[in-house]
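This report refers to the structure that appears directly beneath it.
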Amino acid sequence: MKNGRLSYNKILVYFKAFPIYNKIISDHTNLSATKALLFGIVENVKKVTEKAIGKSEILFDQMLACTSDNITRTTSCTQSRAYSSQISTQSSCTYIDNVTTCVICHNNVRSVIYDCGHCVACKYCTKQIFFNIDEGPVAKIKEINFIGNKVFSESTLRSQMQLQTGGWLSWYSKDNLYSKQKLTADLETIRSYYLNRGYLEFVIESTQVSITPDKKDIYLTISVREGNKFTVKNISLAGELLGKEKEFQSLLTFKAGETFSSAKLAESTKAIAEKLGTYGYAFAVINPQPDIRRDLNEVDITLVVDAGRRVYVRKVEITGNSKTRDLVIRREMRQFESSWFDSDKIRISKERIGRTGYVKDTEITTADVPGSPDQVDVNVKVEEKPTGAITIGAGFSSTEKLVLSAGINQENAFGTGTSIGLNFSVGKINQAIALSQYDPYFTEDGISRYTDFFYRSNKPLYYVGDPDYQIKSFGSNLKFGVPYTEVDRVFFGSGIEIFDIYVTQNTPQPYQNYANAWGVAVPGRLQTYNIPATVGWARDGRDSALIPSKGSLQRLSAEVGTPLGNLTFYQLNAQYQQYHSFSKGNILSFNGEVGYGEAYGSKPY
């Protein structure tokens with residue numbers, strides 16, 4: 001079988017999924033009936049290949065049923081089988097009981113079928129059906145035409161589609177290759193484009209896909225009927241309003257007198273359903289009922305509320321966490337067991353799990369409890385991401401020559417949600433090593449703790465006349481974070497850093513003056529202490545820490561060198577990040593940082 005880019009296993013698995021597969025294997029005595037069944041499967045295999053490459057040509061060569069009177073029947077001989085075109089068949093088959101090689105799977109087997117003196121196939125292969133696939137050249141979209149559009153131009157409608165006629169990036173995006181699934185999605189996008197602009201009766205009348213005789217170019221023709229543009233005259237609520245009609249009215253995203261928009265209508269119905277969900281009505285349904293006045297190009301919309309039954313959560317099931325412990329995911333849940341269902345808490349729980357940093361995707365669904373109409377189970381399915389990293393690096397520069405670096409970091413150590421890291425670098429001028437640990441739940445209430453230990457060495461004057469001038473520093477920091485809302489947290493902490501400054505007679509005078517001003521004389525060196533105090537605030541409203549698509553992150557921090565050390569200073573830092581998703585899955589992000597520092601007391605900073 002020649003299958004080029006399409007996997008044989010994929011076709012075979014797809015083929016075996018059909019109920020008529022077993023019928024073909026068992027009903028081997030009627031060749032014409034078997035062929036008729038096979039042709040149905042061939043059409044379905046053609047659909048599989050169309051999904052992968054745009055088009056295909058599948059040839060079913062021939063099938064031998066072994067039903068002639070002069071055939072010695074055996075268990076393997078009476079099985080249906082098909083061969084590719086290079087295998088010729090005649091009117092008789094002979095059973096041989098010896099060891100030889102199968103021409104299909106190339107295994108040495110006993111009990112084989114010897115066909116017409118040319119080919120040998122084993123028991124297993126005589127039960128298989130083989131397709132010879134000739135994919136042919138890949139056809140590309142040449143033109144996309146619209147018929148019946150008057151309000152919007154063809155270029156405007158084409159810009160809404162995934163399928164395109166090709167551009168300088170088509171070799172990468174493949175947007176000029178025909179796909180039935182993409183065309184279906186594009187038609188729905190065009191339909192939504194009209195419905196969001198008031199064309200309530202817009203219809204796609206037909207879609208024609210044609211291919212040139214050389215099978216290289218595809219032409220798409222889409223026929224539409226736009227209809228008239230409608231304005232919303234009245235909006236009303238009906239059904240089970242639970243005495244909250246004013247609250248539901250405030251959730252509507254469109255008003256009377258505005259142009260009809262299906263997107264705003266969907267947003268309004270979703271907002272009302274979610275609001276009902278916060279009161280425990282997990283299965284609320286909002287049915288929009290439009291009353292169209294074609295003579296006035298107006299529409300009255302009635303939103304019929306079906307609150308359904310109020311339910312509470314029996315249990316929360318967590319799956320997909322093959323590495324992360326159940327407790328680590330469960331502690332981020334704000335929807336608790338044996339409490340009323342709350343869709344707002346479900347949303348917050350999903351966002352909190354996404355912000356952990358070690359979960360790639362989260363899906364939360366509800367399921368009815370058999371025999372208990374007032375109960376549901378909440379199923380949380382997570383997709384974990386790799387959280388460990390081992391880095392090894394080497395570099396060369398004209399100043400430091402060879403520089404080596406390595407590190408090991410794990411954001412979810414042993415599935416506990418704790419982050420640990422060990423990193424170091426070694427060069428002729430700079431050396432550093434750091435060990436850090438972050439526990440987001442140092443206490444059960446969610447107070448976090450950050451700890452680190454470090455050592456650094458630097459020889460800034462190595463190549464300018466004083467290779468013995470050296471600054472060494474080592475120390476540790478301890479910080480705590482206290483949450484006071486779902487997205488806000490305050491930080492405070494302290495640390496100690498000790499600097500050893502080694503000066504010589506060759507050290508430039510400004511460096512000696514700095515060391516004398518800040519340091520304390522110690523035999524062989526000058527020593528400086530820094531004992532800073534840190535306080536900060538952070539608000540993390542992002543939907544994910546890994547790949548955020550909306551929300552913002554804000555941070556403010558202040559660090560003060562206390563009089564307990566030799567360095568007296570203060571510095572302020574601020575950071576702001578904003579994420580916004582727009583059309584076709586693109587994300588716009590903004591990041592801004594600013595800082596300021598100054599000494600206090602008699603010494604400069």
Side-chain angles (χ1 to χ4, degrees), residues 2-7 10-11 14 42-59 133-229 259 261-263 266 547 549 580-588:
K2 299 181 297 179
N3 63 339
R5 294 169 294 275
L6 191 62
S7 167
K10 181 176 181 180
I11 295 178
Y14 186 85
V42 167
E43 292 301 317
N44 285 286
V45 177
K46 290 172 77 174
K47 293 180 182 178
V48 175
T49 58
E50 286 173 359
K51 293 178 182 178
I53 60 174
K55 65 187 185 63
S56 66
E57 183 179 356
I58 301 180
L59 305 176
I133 299 177
D134 182 9
E135 294 178 338
V138 177
K140 299 180 180 180
I141 299 174
K142 185 68 173 180
E143 290 185 9
I144 301 177
N145 300 310
F146 288 86
I147 299 176
N149 57 305
K150 299 178 181 178
V151 180
F152 301 108
S153 64
E154 286 192 351
S155 60
T156 300
L157 297 179
R158 278 195 295 265
S159 65
Q160 306 301 314
M161 302 176 64
Q162 299 180 61
L163 295 177
Q164 297 293 328
T165 55
W168 65 281
L169 279 178
S170 294
W171 62 272
Y172 173 75
S173 63
K174 310 297 183 184
D175 57 0
N176 62 338
L177 300 183
Y178 172 75
S179 168
K180 186 176 181 180
Q181 287 71 27
K182 285 186 178 181
L183 178 59
T184 301
D186 285 341
L187 295 178
E188 184 60 31
T189 301
I190 293 172
R191 182 175 179 272
S192 298
Y193 186 80
Y194 272 92
L195 291 176
N196 292 338
R197 287 156 180 79
Y199 295 90
L200 184 59
E201 297 182 313
F202 171 80
V203 175
I204 297 178
E205 295 183 322
S206 65
T207 303
Q208 182 179 356
V209 182
S210 57
I211 188 170
T212 56
D214 59 3
K215 298 182 180 181
K216 293 183 178 180
D217 297 326
I218 290 179
Y219 291 80
L220 300 181
T221 303
I222 303 172
S223 178
V224 302
R225 186 176 75 244
E226 295 176 326
N228 296 325
K229 188 175 183 179
T259 300
S261 171
S262 63
I547 309 176
S549 60
H580 177 70
S581 60
F582 53 99
S583 62
K584 297 184 178 180
N586 297 306
I587 300 174
L588 177 65

Is a side-chain N or O of [X] found less than 3.5 angstrom from the main chain of [Y], in a donor-acceptor match?
X	Y	answer
N145	T221	no
N196	A263	yes
E226	V151	yes
K215	T212	no

Within 45° cone of Y199 ring axis and under 6.0 Å: R197 NZ or CZ: no
Any side-chain heavy-atom pair of [X] and [Y] under 4.5 Å:
X	Y	answer
N149	E154	yes
T156	Y193	yes
I190	M161	yes
L220	Q208	no

Please name the pair of heavy atoms, one in [X] and one in [Y], separated by the smallest distance, quoted to 0.1 Å.
X	Y	result
D186	L163	OD2-N, 3.0 Å
S155	S153	OG-OG, 3.1 Å
S170	D175	OG-OD1, 2.8 Å
T207	I222	CG2-CG1, 4.3 Å
S262	S192	OG-O, 4.4 Å
I211	A139	CD1-CB, 4.1 Å

Report the distance from atom [atom1] of [X] to atom [atom2] of [Y], rounding to the nearest 0.5 Å.
X	Y	atom1	atom2	value
I218	I144	CD1	CD1	10.5 Å
Q162	L183	CD	CG	10.0 Å
I204	R191	CD1	CZ	8.0 Å

Step-by-step side chain to side chain contact (heavy atoms under 4.5 Å, CB included) determination, K140 to L177: CA-CA 5 Å; K140 299 180 180 180; L177 300 183; 3.8 Å; yes
K182 NZ: over 12 foreign heavy atoms closer than 6.0 Å: yes
Check: F152 ring centre within less than 6.0 Å of F146 ring centre: no
Pairs touching residues 200-228 that satisfy ring pair (Phe, Tyr, Trp, His ring centres under 6.0 Å), sequence neighbours left out: Y194-F202
Contacts of type side-chain hydrogen bond (donor to acceptor under 3.5 Å, both in side chains), residue R225, not counting sequence neighbours: E205
